[in-house]
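Letters A, B, ... mirror the listed sequences (proteins, then strands); counts begin at 1. Just so we're clear, the structure is a prediction, and the values are computed from it rather than from any experiment.
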There are 2 protein chains.
Amino acid sequence: MDTTQRTEQQRSADRRRRELLEAADRVVLRDGPQASMNAIAAEAGITKPILYRHFGDKGGLYAALAKRHTDALLDSLRAALDAPAERRERVEATLDTYLAAIEARPQVYRFLMHPAEGSPGDQGFDVGKHSAPLLRRMGEELAQVIEERLDLGPGSQQLARVWGHGIVGMMHAAGDWWLGERPCSRAELVRSLADLLWGRLAAAGDRMGGPGF
Amino acid sequence: MDTTQRTEQQRSADRRRRELLEAADRVVLRDGPQASMNAIAAEAGITKPILYRHFGDKGGLYAALAKRHTDALLDSLRAALDAPAERRERVEATLDTYLAAIEARPQVYRFLMHPAEGSPGDQGFDVGKHSAPLLRRMGEELAQVIEERLDLGPGSQQLARVWGHGIVGMMHAAGDWWLGERPCSRAELVRSLADLLWGRLAAAGDRMGGPGF
DNA sequence: AATGCATGTTACTTGCGGTAACGGCAGTCT
DNA sequence: AGACTGCCGTTACCGCAAGTAACATGCATT
């Protein structure tokens, strides 16, 4: 039949696609986000046009690659977020999961956070939504969890979304800085961030005369 | 004298440099961060090699360009941060200043947040510190203000730095998302973020059974 | 056998970053 | 005056990466 044919071919194509993605993964992990299509093709043992047939353009390949890692990271984050524990503990677990991930595989992390990368696919200069898709997805995910679980009164949905993206951004920026300078242990970072979210900024006393920040 | 000569030439060169930067600014504002050196040179009424003589490479030009805008933005942020008002008000003023800036000139904003941009100057794949310099500088600046003004007990310096980068990241991510979707007014966004920093996350009640997020 | 189709190739075009190599045009030193 | 030094500017080129024909081949179906 036609359908069985298609599924056969589909499977084969999907397998090939996965192989290609794994090759691309190796190269990107080695050479960074500026890995060339030629290099990726060579790693896969083939030549460029095949890559283009499978993924359209460089952006397509990178998007596919990013989706794999993003999905994986989001899964582990969801696990930390859904664990049966009290709020503070969960927040810390989630922060720690994220930080552990970027610590363990910084190259993947850098790749994921680097969307545009000069790929000519993103012209049109669409301001806004220029952030890495990973950030957006994490923000939305967190917003949903917040809105589901917390009683925030009126306007809760909007508030939850602001918080979701805000907290994710906080985590990301702090993590990025931390990864570059390593000024403290992961556990300390987690604690500091959780403290910030727990309102210690508002509770802190002024240092001397005048209104503190 | 020799010195006067030098200053003469220096002045001329500096003027030229400024003119070139302004031309580059116009092009980047029009074409986005992927503006080509050719286009910039054309806008300035000259050809490529001159740009390279002045700025070394594309990264140099972009760095110079970014520095101008970054300095300007940081100045206005400092003003908001140093205003004589109480803490919450200052936080809101600072958030609002930042958001107003990115709202008024989104193209500049996007350019500033897009460091690598495929420029071959950034290879070497230095994970960490890959963030836009603007983010780093804002984080450090804020950290300094926090550490100066707040009494955070032991380990205050480190805590202040974590918070500085974290808060800046929160502001950035939320701003980016907001700029893309415009889900609410700027004032609402400011309020929501300030509420987050003021510990409303910790204070919120659970929605139903089980420990909330 | 003939058709269709995915897989693979080589060889090309286009466009950009970056770089020689050369040409004039001040002012300066002897 | 005439050679010297710097700077501004050009044209023409190199290298490299993205992306695209156009052609070749193996394998299924009809």
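- Regarding B:N38, its CG atom lies at a distance of 14 Å from the P atom of D:dA12, rounded to whole Å.
- Within the 4.5 Å cutoff, the side chain of A:R105 has heavy atoms near those of the A:L29 side chain.
- Axis angle between the ends of the helix from C:dA1-D:dT30 to C:dT30-D:dA1, five pairs each and rounded to 10 degrees, works out to 20°.
- Applying the salt bridge (Lys or Arg N to Asp or Glu O under 4.0 Å) rule to B:E22 yields no partners; only residues at least two apart in sequence or on another chain are considered.
- If you check residues 46-55 of chain B against DNA chain D, the residues with a heavy atom closer than 4.0 Å are B:I46, B:T47, B:P49, B:I50, B:R53, listed by number.
- As a whole-Å value, the separation of A:K58 NZ from D:dA18 C1' is 8 Å.
- Atom pair A:D31:CG and D:dA17:P shows a separation of 10 Å (rounding to whole Å applied).
- Annotation: side-chain hydrogen bond (donor to acceptor under 3.5 Å, both in side chains) contacts of A:S156 (sequence neighbours excluded): A:E147.
- Under the salt bridge (Lys or Arg N to Asp or Glu O under 4.0 Å) criterion, A:R200 pairs with A:D195, not counting sequence neighbours.
- Using a 4.5 Å heavy-atom threshold, the side chains of B:W177 and A:L135 count as separate.
- The CD atom of A:E19 sits 14 Å away from the C1' atom of C:dG8 (whole-angstrom rounding).
- When rounded to the nearest whole Å, the span between CG of B:L20 and P of D:dC7 equals 15 Å.
- Nucleotide C:dC16 holds its C1' atom 11 Å from the OH atom of B:Y62, rounded to whole Å.
- A donor-acceptor contact shorter than 3.5 Å links the side chain of A:R90 to the backbone of A:A83.
- A sub-4.0 Å separation between OP1 or OP2 of C:dT7 and a side-chain N or O of A:R15 is absent.
- For B:R136 and A:D176, the salt-bridge test passes: some basic side-chain N is under 4.0 Å from an acidic carboxylate O.
- Here salt bridge (Lys or Arg N to Asp or Glu O under 4.0 Å) pairs that include residues 162-172 of chain B, with residues two or more places apart or in two chains, number zero.
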